Amino acid sequence: MPAIVVHTVGKSILFGEHAVVYGFPAIAVPIPDLQTTVMIFPLIGEEKETIVYEAPDLAISKNLTDLPEDNILVHAVALFRKAYGLSRIPSFRLKITSKIPVASGLGSSASVSVGVIKALSQFLGLKLPLQKINELAFELEKIHHGNPSGIDNTVVSYEKALYFIKGCDPVFLQSPLPLHLLLINSGIPSLTADVVASVKQFREQNPDLVNALFKEIGDLVNSAKNAFQNGDIAQLGTLMVKNHHLLQKLNISLPELDALVDLALQNGACGAKLCGAGRGGNVIALVKEENVHSLQQVFKSRGIQGIVSTVIQ
Ligand code: PMV
């Protein structure tokens, strides 16, 4: 029996990806239908401190001392030792399983980071506020993403829709009407760090163009914040499409993603855009409740697997 079981959610960026890395606002929502589970099993009777990392999805089961330096648990344990002056940690085995597809912009890494921090803090008897959990998870995110904005770990830590500006406290958003969302996986894997690096390079080569695009995205996000809080679904949909066009101009869309956006719009979606880093991953569509099923069928009939339907209340 595990002593600790923690479930964490996935996430999607509704507006403002990439510009958020440069200090512009963005809006993200939790995806509770996609979850990561982190379990900790105490190892009783070990003489030496023994920590075992198990990730069956990746076929890994190893002692901490045999893991590479960039392993998430290696970092998390080091973070806790430093932050709380822990010289010896009780022996344990930590197991991670996740339903979130990797490299698809749905927060798989943030979900694991937050899950590991939450589970370890509980195991160590530390009652950490969510703000601290989020802060520590952000440190883990930096290992894999180089220069993350922090939006992914923040939405996963708080499990609430939020308006986010890098370095500021999040503003939680509540829509008066439920928002029905479909996540459609292009099946093309994409590494966030690579796409963020390529946007950085594009900005270095074309600072005026890219800064103007970021400014336009930031303004759009502020309009989207109002539309979200007013439950103005038509306006949210229109803004999603505009955001997608701005992301195309940042060179992070692909013909495959554009085709999924077009298909969603031709079949009753109020809005659709790529979500997350781009160059692959998922498209997110905002759909009226009565059209959710038929739109899912349209995608399924085209052979698209793993469509996730979720509702933001
Ligand atoms: O991890 P993804 O694919 O959801 O992308 C994260 C969003 C970016 O704005 C591209 C990067 C960031 O750190 O905010």
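Fair warning: this is a prediction, and the values are worked out from it, not measured in the lab. Remember, it's 1-based here, ligands and their atoms both numbered in the order they're listed. Keep in mind that the numbers below use all heavy atoms, side chains included, and drop hydrogens, waters and symmetry copies.
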Quiz item: Does NZ belonging to Lys62 count more than 12 external heavy atoms closer than 6.0 Å?
Solution: no
Quiz item: Do you see a donor-acceptor pair shorter than 3.5 Å between the side chains of Ser111 and Gln35?
Solution: no
Quiz item: Among protein heavy atoms, which lies nearest atom 4 (O) of ligand 1, and at what distance?
Solution: Lys11 NZ, 2.4 Å
Exercise. May I ask you to list the atoms of ligand 1 that are less than 4.0 angstrom from any heavy atom of Gly105?
Key: 2 (P), 3 (O), 4 (O)
Self-check item: CZ (Arg302) with more than 12 external heavy atoms under 6.0 Å
Solution: no
Quiz item: Which of the numbered atoms in ligand 1 are below 4.0 angstrom from a heavy atom of Asp152?
Solution: 1 (O), 2 (P), 4 (O), 6 (C)
Practice problem: Go through ligand 1 atom by atom and flag the ones less than 4.0 Å from a non-hydrogen atom of Glu17. | Solution: 9 (O)
Practice problem: Take atom CD of Gln297 as the centre, draw a 6.0 Å sphere, and report whether it contains more than 12 heavy atoms from other residues, nucleotides or ligands. | Solution: yes
Quiz item: Where do Ser309 and Gln296 come nearest, in terms of heavy atoms and distance?
Solution: CB-NE2, 3.8 Å
Quiz item: Going from CG on Leu220 to CG on Asn243, what distance comes out if it is rounded to the nearest 0.5 angstrom?
Solution: 5.0 Å
Self-check item: Numbering as shown, the atoms of ligand 1 that approach Pro148 to under 4.0 Å (heavy-atom distance)
Solution: 13 (O)
Exercise. Please report which non-hydrogen protein atom sits nearest to atom 11 (C) of ligand 1, along with the residue it belongs to and the distance in Å to one decimal place.
Key: Val21 CG2, 3.7 Å
Quiz prompt | Distance filter under 4.0 Å to Gly276 heavy atoms, resulting ligand 1 atoms | solution = 2 (P), 3 (O), 4 (O), 5 (O)
Self-check item: Neighbour count above 12 (heavy atom, 6.0 Å) for Gln305 CD
Solution: no
Quiz item: When you measure from atom 14 (O) of ligand 1 to every protein heavy atom, which one gives the shortest distance, and what is it?
Solution: Ser149 OG, 2.5 Å
Quiz item: Just wondering, are more than 12 heavy atoms of other shown residues or ligands nearer than 6.0 Å to CD in Gln131?
Solution: no
Exercise. With atom 5 (O) of ligand 1 as the reference point, say which of Ala277, Gly278, Ala193 has the nearest heavy atom.
Key: Ala277
Exercise. Please confirm whether His18 comes within less than 3.5 Å of ligand 1 when only nitrogen or oxygen atoms on both sides are compared.
Key: yes
Self-check item: Subset of ligand 1 atoms that lie under 4.0 Å from at least one heavy atom of Ile151
Solution: 14 (O)
Quiz item: Does a side-chain N-to-carboxylate-O contact under 4.0 Å join Glu139 and Lys82?
Solution: no
Practice problem: Can you sort out which atoms of ligand 1 are near Val20, meaning under 4.0 Å from one of its heavy atoms? | Solution: 9 (O), 14 (O)
Quiz item: Looking at atom 7 (C) of ligand 1, what's its closest protein heavy atom, distance included?
Solution: Ile13 CD1, 3.4 Å
Practice problem: Report yes if Thr192 has an N/O atom closer than 3.5 Å to an N/O atom of ligand 1; otherwise report no. | Solution: yes
